[in-house]
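Heads up, the thing below is written out as structure tokens.
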Amino acid sequence: MPEAHGPGLEDETKPADAAEPSLQDDPLAFPSVLLGGLPITAVDRRSAAALMIAIARRRRHDSRPYYFTSANGEVIARVHADPRIASLFLEADQILADGQPLVTASQWLCRIKLPERVATTDLFHDVAELAEKEGITFYLMGSTEAENPKAVAAIRARYADLRILGHCHGYLTGEALERKLDEINALAPDILWLGLGVPREQIFVHDFAARLANVGIIKTSGGLLDHLAGKTRRAPLWMQKAGFEWFWRMLMEPRRLFWRYLTTNPRAIYVILRHSK
């Protein structure tokens with residue numbers, strides 16, 4: 001990934017007219033834009049899926065998997081408020097724009113425009129379609145003990161030829177977690193989808209990635225598995241395109257999300273306006 005940038009640091013992104021790099025030359029060489037102090041990869045969904053497949057076929061030579069994560073307005077706000085969370089995101093090899101407001105902001109504030117939103121709930125299907133054809137293997141970790149198997153069953157029903165090597169919920173601790181780490185590493189999936197929520201999934205990567213040297217790539221996934229299990233519903237398409245999916249989520253879970261969005265949205269707007277280029 002390009003050199004990490006924290007809030008207020010100078011950006012060294014490529015010029016706007018730079019040609020899109022070849023995956024064969026350097027799979028990680030996509031340009032990035034600085035949004036709210038985070039380097040966001042300027043890539044569309046299809047290219048992001050192809051990038052993940054290309055990376056999954058490679059293994060790092062420094063004893064840890066590649067690490068892809070995603071950012072939205074809430075992440076921008078939390079990164080700016082907490083340097084520890086910022087450092088966790090800046091460890092990622094790629095940060096994808098999982099929020100339409102980031103795409104819109106880039107069009108007004110940045111030299112390079114983000115081509116489109118790369119929502120993990122959509123990207124998963126792009127990657128699964130390619131993985132099914134090319135034999136790329138998955139492991140699915142996250143959600144609750146009840147919802148995780150529902151998500152896996154839904155995936156298998158939709159992608160009959162997809163190779164899912166294993167799955168587990170996201171609330172393991174102690175010796176159970178230690179055994180699960182060894183199991184995942186022994187299975188050596190090409191892609192580990194990790195849905196623990198921010199910042200638990202980023203902390204997990206920081207703490208345990210070195211234990212998973214046989215994994216190709218870890219992609220943090222937030223509430224992906226809950227969505228696949230049918231526990232949560234996506235916003236109508238017009239709300240997604242307008243950048244108001246956060247509002248839909250708040251309507252679905254007002255007691256959990258109202259105060260969160262009330263505090264993070266204004267901060268995100270300020271940070272994006274102040275620390276983008």
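Note that this is a predicted model, so its numbers are computed, not measured. Just so you know, residue 1 is the first one in the sequence shown, and it goes up from there. Heavy-atom basis, side chains included; hydrogens, waters and symmetry copies ignored.
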With a 3.5 Å cut-off and sequence neighbours excluded, list the donor-acceptor pairs that the side chains of residues 153-160 form with protein atoms.
| unit_1 | atom_1 | unit_2 | atom_2 | d |
| --- | --- | --- | --- | --- |
| Y159 | OH | H125 | ND1 | 2.7 |

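The closest side-chain heavy-atom distance from V118 to D44 is not below 4.5 Å. Within the 4.5 Å cutoff, the side chain of L123 has heavy atoms near those of the M52 side chain. Side-chain contact check for S70 versus K219: some heavy-atom pair is nearer than 4.5 Å. Side-chain atoms of R267 and R78, non-hydrogen and from C-beta on, never get closer than 4.5 Å to each other. Using a 4.5 Å cut-off on side-chain heavy atoms (C-beta onward), L212 and R64 make no contact. At least one side-chain heavy atom of I95 sits under 4.5 Å from a side-chain heavy atom of P39. Residues I191 and T137 fail the side-chain proximity criterion, which asks for heavy atoms closer than 4.5 Å. For the pair E134 and I53, the minimum side-chain heavy-atom distance is below 4.5 Å.
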Inset, instruction - Report the C-alpha distance between W193 and Y139 in whole Å, list the side-chain angles of each, state the deciding distance to 0.1 Å, and finish with yes or no for side chain to side chain contact (heavy atoms under 4.5 Å, CB included). - result: CA-CA 6 Å; W193 297 90; Y139 192 100; over 6 Å; no
Legend entry - Verdict with supporting geometry, R84 and D82, salt bridge (charged side-chain N to carboxylate O under 4.0 Å, His left out): CA-CA 5 Å; R84 294 170 299 177; D82 190 335; 3.2 Å; yes
Legend entry - side chain to side chain contact (heavy atoms under 4.5 Å, CB included) evaluation trace for K113 with V103: CA-CA 7 Å; K113 296 176 176 58; V103 177; over 6 Å; no
Legend entry - side chain to side chain contact (heavy atoms under 4.5 Å, CB included) between Q94 and V43, worked out: CA-CA 10 Å; Q94 301 283 287; V43 64; 6.0 Å; no
Legend entry - Candidate pair F68 and I218, rule side chain to side chain contact (heavy atoms under 4.5 Å, CB included), full reasoning: CA-CA 6 Å; F68 283 28; I218 300 174; over 6 Å; no
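When atom types are taken as modelled, the side chain of D126 and the backbone of A49 share no donor-acceptor pair closer than 3.5 angstrom. Within the 3.5 Å criterion, the main-chain N or O of E147 finds a donor-acceptor partner in the side chain of T144. No donor-acceptor pair under 3.5 Å is formed between the side chain of E183 and the backbone N or O of R179. Distance alone, capped at 3.5 Å, places no donor-acceptor pair between the D190 side chain and the I136 backbone. Between the side chain of N148 and the backbone N or O of C168 there is at least one donor-acceptor pair closer than 3.5 Å.
Residue E145 qualifies as open at atom CD: its count of foreign heavy atoms under 6.0 Å is 12 or below. Counting heavy atoms of neighbouring residues, nucleotides and ligands inside a 6.0 Å radius, atom CD of Q107 exceeds 12 of them.
Summarising the geometry, atom OG1 belonging to T220 is positioned 9.0 Å from atom CG belonging to L196; distances are rounded to the nearest 0.5 Å. A distance of 10.5 Å separates NE2 in H206 from OH in Y67, rounded to the nearest 0.5 Å. A distance of 7.0 Å separates OG1 of T120 from CG of L96, quoted to the nearest 0.5 Å. Rounding to the nearest 0.5 Å gives a distance of 11.0 Å between CG of L90 and CD of Q202. L228 CG to L224 CG: the interatomic distance, rounded to the nearest 0.5 Å, is 4.5 Å. One finds the OG atom of S276 at 8.5 Å from the CG atom of L102 (value rounded to the nearest 0.5 Å).
In this structure, R200 satisfies the cation-pi test against Y171, with its NZ or CZ atom closer than 6.0 Å to the six-membered ring centre and inside 45 degrees of the ring normal.
Two different hydrophobic clusters hold V205 and I85 under the rule that ILVMFWY side chains link at heavy-atom gaps under 4.5 Å. Note on L165: it clusters hydrophobically with L172, by side-chain heavy-atom contacts below 4.5 Å among ILVMFWY residues. The same ILVMFWY cluster, assembled from side-chain heavy atoms under 4.5 Å apart, contains both L273 and V33.
At a threshold of 4.0 Å, the pair R163-E132 does not count as salt-bridged, since none of the basic side-chain nitrogens sits closer than that to a carboxylate oxygen. A salt bridge does not link K133 with D161: every distance from a Lys NZ or Arg NE/NH1/NH2 to an Asp or Glu carboxylate oxygen is 4.0 Å or more. With salt bridges taken as basic N to acidic carboxylate O contacts below 4.0 Å, one links R117 and D98.
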